[in-house]
Amino acid sequence: PNLALDRNLVAKLGLVILFIGIGFLLKYAAATIAIPIELRLAAVVLADIGLLAWGWRIRLTRRQIALPIQGTAIAILMLVILSAYQLYALIPASFAFALLVCLTAFACLLAVLQEAPWLAAFGITGGFASPVLLSSGEGGSHIALFSYYALLNAAVVAIAWFRAWRLLNLLGFVFTFGIGSLWGASAYTPEKYASTQPFLVLFFLFY
């Protein structure tokens with residue numbers, strides 16, 4: 001058992017190194033390789049989808065390594081989307097946002113199907129962090145932001161109805177009220193009272 005544990009730890013560390021390496025590779029390739037960036041990103045996506053498919057394939061025989069592989073593959077896809085938007089301006093923010101929402105939902109689906117709460121936590125974390133990662137610093141509609149968070153929290157409530165994953169509930173609470181408080185401290189004005197209080201009441205009822 002100890003040997004198996006050591007091997008799983010080494011494998012998980014390898015996946016973390018892989019994720020970091022992909023991030024550096026994307027930046028290095030942009031500066032040194034003449035191949036169009038679209039083709040480079042497409043190659044990374046295709047290879048990553050293969051990694052994700054392999055993680056799904058071995059889910060029954062090697063669960064302890066299959067789940068980290070799936071989580072790493074989803075993280076790499078998120079990294080590629082953010083790179084395509086922020087570093088290379090290949091896709092608009094709205095499309096990048098929609099892709100990240102889909103990946104968040106997909107991660108939660110995989111988690112429920114495989115009874116993997118940490119995978120759901122990863123997906124929810126990515127979902128809550130996406131608006132922050134994609135923010136241009138110019139502000140935006142707080143109604144759109146809180147409506148999106150309301151949808152994410154509804155997903156947390158739906159999962160909680162079927163699975164007693166308290167970590168997921170805690171993450172939703174921390175992100176919702178943490179980011180909401182930061183927004184309130186930096187962007188709230190009395191004119192926004194009527195449009196923010198319904199969301200505050202809704203989030204309170206959720207938790």
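Given the structure is predicted, the values throughout are model-derived calculations rather than measurements.
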Worked verdict on Tyr148 versus Val101 for side chain to side chain contact (heavy atoms under 4.5 Å, CB included): CA-CA 9 Å; Tyr148 170 62; Val101 170; 3.4 Å; yes
Do any N or O atoms from the side chain of [X] and from the backbone of [Y] form a donor-acceptor pair under 3.5 angstrom?
| X | Y | result |
| --- | --- | --- |
| Gln70 | Leu52 | no |
| Asn153 | Tyr149 | yes |
| Thr176 | Phe173 | no |

If you compare all heavy atoms of [X] against all heavy atoms of [Y], which two are closest, and at what distance to 0.1 Å?
| X | Y | result |
| --- | --- | --- |
| Ile74 | Leu103 | O-CD1, 4.3 Å |
| Arg59 | Ala66 | CA-CB, 3.6 Å |
| Ile69 | Gly55 | CG2-CA, 3.7 Å |
| Gly71 | Trp118 | CA-CH2, 4.3 Å |

Phe97 side chain reached by Pro92 side chain, heavy atoms, under 4.5 Å: no
Return the [atom1] to [atom2] distance between [X] and [Y], rounded to the nearest 0.5 Å.
| X | Y | atom1 | atom2 | result |
| --- | --- | --- | --- | --- |
| Leu90 | Tyr85 | CG | OH | 12.5 Å |
| Asp48 | Leu41 | CG | CG | 12.0 Å |
| Ile81 | Ile76 | CD1 | CD1 | 12.5 Å |
| Phe106 | Leu77 | CZ | CG | 9.0 Å |
| Ser94 | Leu99 | OG | CG | 9.5 Å |
| Phe146 | Leu151 | CZ | CG | 14.0 Å |

Residue list, salt bridge (charged side-chain N to carboxylate O under 4.0 Å, His left out) with Arg163, at least two apart or on another chain: Glu115
Geometric class of the Tyr188/Trp183 ring pair [parallel <30°, tilted 30-60°, perpendicular >60°]: perpendicular
Arg57 NZ/CZ over Trp54 ring centroid, <6.0 Å and within 45° of normal: no
Short side-chain donor-acceptor distance under 3.5 Å, His142 and Thr196: no
Criterion ring-ring contact (aromatic ring centres under 6.0 Å, His included) on Phe203 and Tyr207, from CA distance to verdict: CA-CA 6 Å; Phe203 295 148; Tyr207 291 98; 7.9 Å; no
